[in-house]
Trainee: 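Can you read through this structure? Questions will come right after.
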Amino acid sequence: MSVDFNGHTEQYVLNGDRAHEFRLPRNRAVLPKKVSAALGKVAAARKAEADLNAGDYHGRRAANEQLREAVGQLYDEGSASSYKTEHLDAYVVAKARFERLLGEAERALQDLADRAQCLENPQGIGFPPDIRSVSVNIRQLHSVAAGLEQLPKIPELS
């Protein structure tokens, strides 16, 4: 799995105006509900405009005006200050979840290392007597452990 930091761009063109571009996350569930609803209205207005006949001047003009209104509402909803708090609170929760899961991963890695070491012992009791003679699997587990230790801390946001 890779993490997407780029999202995707949606563009809405209004007659006599510039193109309005929004970079959106692939997971729309992270957007506040009012912003998501406003995006839905913009998409519906764009679809309604696209479904009109090319010769229907008055219909196209009315549809473009609806699109202009929907884009304006999207800007209004997106600039509301309460959403910053909502995103910050969700960030704090996600950070705590990440740190908890990282701790679980470290405990699971310790279990893997213990089991792998026990498998290496020909006597079947505990770890092998000579810990310098480790297998490729043990070396790979060392590498994973080193990678976990080198992970940078998640930044605090304010």
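Here, residue 1 is the first one in the sequence, and each next residue gets the next number. The figures that follow rest on heavy atoms only: side chains count, while hydrogens, waters and symmetry mates do not.
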Trainee: Same cluster for Leu14 and Leu74 if Ile/Leu/Val/Met/Phe/Trp/Tyr side chains link at under 4.5 Å?
Mentor: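 Leu14 and Leu74: one cluster.
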Trainee: Could you pull out the closest heavy-atom pair between Ala116 and Ile138, with the gap in Å?
Mentor: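 Minimum heavy-atom contact is CB-CD1, 3.3 Å.
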Trainee: How far apart are the C-alpha atoms of Arg26 and Glu10, what are their side-chain angles, what is the distance that settles it, and do they pass the salt bridge (Lys or Arg N to Asp or Glu O under 4.0 Å) test?
Mentor: CA-CA 11 Å; Arg26 297 208 186 277; Glu10 286 194 16; over 6 Å; no
Trainee: Is there a path of hydrophobic side-chain contacts, each under 4.5 Å between heavy atoms of I, L, V, M, F, W or Y residues, that connects Leu112 with Val144?
Mentor: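 Per the 4.5 Å side-chain linkage, Leu112 and Val144 are co-clustered.
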Trainee: Give a yes or no on this: more than 12 heavy atoms of other residues, nucleotides or ligands lie within 6.0 Å of atom NE2 of His58.
Mentor: no
Trainee: May I ask whether Leu151 and Leu157 are part of the same hydrophobic cluster, defined by side-chain heavy atoms of I, L, V, M, F, W, Y residues being less than 4.5 angstrom apart, directly or through others?
Mentor: yes
Trainee: Tabulate below the donor-acceptor pairs under 3.5 Å that side-chain atoms of residues 39-52 make, not counting sequence neighbours, or state none.
Mentor:
unit_1, atom_1, unit_2, atom_2, d
Arg46, NH1, Gln11, O, 2.9
Lys47, NZ, Asp51, OD2, 3.0
Glu49, OE2, Asn64, ND2, 2.8

Trainee: Hey, could you give me the CD/CD distance between Glu99 and Glu104, rounded to the nearest 0.5 Å?
Mentor: 13.0 Å
Trainee: Step through the shown structure and confirm whether more than 12 heavy atoms of other residues, nucleotides or ligands are within 6.0 Å of NZ on Lys34.
Mentor: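 Count not over threshold, so no.
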Trainee: According to the interplanar angle, ranging from 0 to 90°, do the rings of Tyr75 and His20 count as parallel (below 30°), tilted (30 to 60°) or perpendicular (above 60°)?
Mentor: perpendicular
Trainee: Tell me, with the steps shown, if Thr9 and Phe22 meet side-chain contact (heavy atoms from CB on, under 4.5 Å).
Mentor: CA-CA 6 Å; Thr9 302; Phe22 302 97; over 6 Å; no
Trainee: Roughly how far, to the nearest 0.5 Å, is the CD atom of Glu106 from the CG atom of Leu101?
Mentor: 11.5 Å
Trainee: Over all heavy atoms of both residues, which pair between His8 and Pro25 is shortest? Give the atoms and the distance, please.
Mentor: CE1-O, 3.9 Å
Trainee: Does some side-chain heavy atom of Tyr91 sit less than 4.5 Å from a side-chain heavy atom of Ile154?
Mentor: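 Counting from C-beta outward, Ile154 and Tyr91 do come under 4.5 Å.
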Trainee: Please tell me whether Leu24 and Val71 are part of a single hydrophobic cluster in this structure, the criterion being side-chain heavy atoms less than 4.5 Å apart.
Mentor: yes
Trainee: What is the distance from atom CD of Glu86 to atom CG of Leu31, rounded to the nearest 0.5 Å?
Mentor: 9.5 Å
Trainee: Not counting sequence neighbours, which residues clear salt bridge (charged side-chain N to carboxylate O under 4.0 Å, His left out) with Arg60? List them please.
Mentor: none
Trainee: Please determine whether the number of non-hydrogen atoms from other residues, nucleotides or ligands lying under 6.0 Å from atom CZ of Arg18 exceeds 12.
Mentor: yes
Trainee: Verify the cluster assignment for Leu102 and Leu141: are they in a single hydrophobic cluster under the rule of side-chain heavy atoms below 4.5 Å apart?
Mentor: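 Linked, Leu102 and Leu141 end up in one cluster.
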Trainee: Distance from Arg61 atom CZ to Gln66 atom CD, nearest 0.5 Å?
Mentor: 13.5 Å
Trainee: Take a 6.0 Å sphere around CZ of Arg23 and say whether it holds more than 12 heavy atoms from other residues, nucleotides or ligands.
Mentor: no
Trainee: Please, which pairs that meet salt bridge (charged side-chain N to carboxylate O under 4.0 Å, His left out) have at least one residue in residues 68-79, sequence neighbours excluded?
Mentor: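 Residue pairs with at least one partner in residues 68-79: Asp17-Arg68, Glu65-Arg68.
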